[in-house]
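Notes to accompany the following structure.
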Amino acid sequence: MMIIAQGQPIPTTHLEMITASDTVTKVVLGFLALLSAISWTIIFAKWLEYRRVRNTGTKFVQEFERATSMADAARLAAKGKPNPFTHLFMRANGFLTHTNPALAATAERSARLSAAQVEALRQVLDSQTDAERDALGRYLTALATIGSVSPLIGLLGTVLGVISAFLGLSQSGSGNITAVAPGVAQALIATALALAVAIPAVFGYNIFANRLNGIDGELEGFGSELIALLVREGRI
């Protein structure tokens with residue numbers, strides 16, 4: 001409910017201050033609202049994506065640890081839901097399928113991959129791991145950007161709003177606090193909204209970046225487990 005002072009309505013609620021603010025402040029607030037919507041969309045989407053990766057990836061890795069051959073692991077990957085770990089396995093399995101062992105079979109052992117071929121396999125695993133990390137990290141940079149830029153945008157809106165308030169004060173000829181306080185309060189809303197946008201974005205980025213690092217380490221460990229399976233199977 002607005003209060004009337006000196007013939008001018010004074011906003012008393014946040015909504016009234018927003019609707020009574022000048023055009024520049026409204027533009028800044030609208031832009032911050034758009035950034036907030038983008039930020040929460042990314043946060044919600046990444047939360048769902050990382051939860052799915054965690055559930056499906058953990059299940060496949062647990063089943064993979066019980067596999068006794070690449071053929072068994074391939075069947076597990078085929079029947080399971082796609083995830084970064086199955087993608088990594090299928091990339092390695094495709095490499096092995098199209099690579100003839102350089103070391104011929106003998107009476108004591110079967111055909112094996114040479115050291116150069118094993119190194120090439122490791123490079124394939126590293127390349128796929130990087131690709132999976134890039135895919136999982138998509139839009140995290142946008143989240144970090146929103147978290148760092150929003151306070152500056154809010155500060156810009158506040159400064160412009162304060163300037164507008166003091167210009168209005170000089171034009172009205174009134175020098176009391178009642179005349180300038182509403183304009184300053186309206187300008188400060190931009191800073192408050194900017195912080196409300198930035199804080200969740202920064203929290204979300206830090207949480208997801210930490211989870212991404214964890215998944216990246218797990219993918220590297222899975223690659224080592226895959227090499228170990230090939231050793232047990234006698235292909236290395």
Side-chain angles (χ1 to χ4, degrees), residues 38-103 105 109-144 200-236:
I38 294 173
S39 173
W40 281 108
T41 299
I42 295 174
I43 289 173
F44 185 68
K46 284 299 176 183
W47 177 74
L48 290 177
E49 181 182 13
Y50 283 19
R51 187 181 68 169
R52 176 185 58 80
V53 168
R54 175 66 61 186
N55 292 338
T56 58
T58 299
K59 181 179 179 181
F60 172 70
V61 171
Q62 290 175 346
E63 294 175 341
F64 177 83
E65 291 174 350
R66 296 192 293 268
T68 58
S69 66
M70 288 294 291
D72 291 340
R75 285 192 291 271
L76 293 174
K79 74 176 184 179
K81 294 182 179 180
N83 59 76
F85 296 92
T86 58
H87 296 163
L88 187 64
F89 173 82
M90 298 304 292
R91 178 76 182 276
N93 195 42
F95 173 84
L96 295 170
T97 301
H98 297 91
T99 301
N100 295 321
L103 303 179
R109 60 172 175 78
S110 59
R112 294 186 177 183
L113 299 175
S114 65
Q117 289 176 321
V118 173
E119 180 60 26
L121 174 59
R122 290 186 181 277
Q123 291 179 357
V124 168
L125 293 173
D126 291 341
S127 174
Q128 186 64 32
T129 298
D130 292 341
E132 296 299 330
R133 180 184 177 88
D134 291 343
L136 290 173
R138 190 175 301 143
Y139 303 122
L140 288 187
T141 302
L143 203 59
V202 172
F203 267 103
Y205 173 78
N206 289 333
I207 291 173
F208 293 136
N210 183 60
R211 292 186 181 180
L212 180 59
N213 289 333
I215 294 174
D216 185 53
E218 292 173 1
L219 286 171
E220 292 180 359
F222 177 75
S224 298
E225 290 291 333
L226 197 153
I227 296 293
L229 177 60
L230 292 174
V231 172
R232 294 194 301 270
E233 198 175 2
R235 298 176 66 175
I236 295 179

Please report, to 0.1 Å, the donor-acceptor pairs under 3.5 Å made by any side chain of residues 219-236, with sequence neighbours excluded.
from   : atom 1 : to     : atom 2 : distance (Å)
Ser224 : OG     : Glu220 : O      : 3.4
Glu233 : OE1    : Met70  : N      : 3.3

Are more than 12 heavy atoms, taken from residues, nucleotides or ligands other than Phe95, located less than 6.0 Å from that residue's CZ atom?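 Yes, the 6.0 Å shell around CZ holds more than 12 heavy atoms from other groups.
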Check the surroundings of atom OH in Tyr205: do more than 12 heavy atoms from other residues, nucleotides or ligands lie under 6.0 Å from it?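 Atom OH in Tyr205 is not crowded, with 12 or fewer foreign heavy atoms closer than 6.0 Å.
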Are any side-chain N or O atoms of [X] and backbone N or O atoms of [Y], one a donor and one an acceptor, separated by less than 3.5 Å?
X      : Y      : result
Ser127 : Gln123 : no
Lys46  : Arg138 : yes
Thr86  : Pro82  : no
Asn210 : Asn206 : no
Asp216 : Leu212 : no
Gln117 : Ala102 : yes

Distance check, rounded to the nearest 0.5 Å: [X] atom [atom1] versus [Y] atom [atom2]?
X      : Y      : atom1 : atom2 : answer
Met90  : Thr97  : CE    : OG1   : 8.0 Å
Leu140 : Asp134 : CG    : CG    : 11.0 Å
Leu143 : Trp40  : CG    : CH2   : 10.0 Å
Phe89  : Leu125 : CZ    : CG    : 11.0 Å
Leu88  : Asn83  : CG    : CG    : 10.0 Å
Arg91  : Leu121 : CZ    : CG    : 10.5 Å

Indicate every side-chain donor-acceptor pair of residues 56-67 with a distance under 3.5 Å to a residue at least two apart or in another chain.
from  : atom 1 : to    : atom 2 : distance (Å)
Thr56 : OG1    : Arg52 : O      : 2.8
Thr58 : OG1    : Arg54 : O      : 2.7

On a heavy-atom basis, which atom in Ile43 and which in Pro200 lie closest, and how many Å separate them? CD1-O, 3.6 Å
Are Trp47 and Arg211 close enough that some pair of their side-chain heavy atoms sits under 4.5 Å apart?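 With C-beta onward as the side chain, the pair touches.
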Could you tell me whether the side chain of Glu218 reaches within less than 4.5 Å of the side chain of Thr129, counting heavy atoms only? no
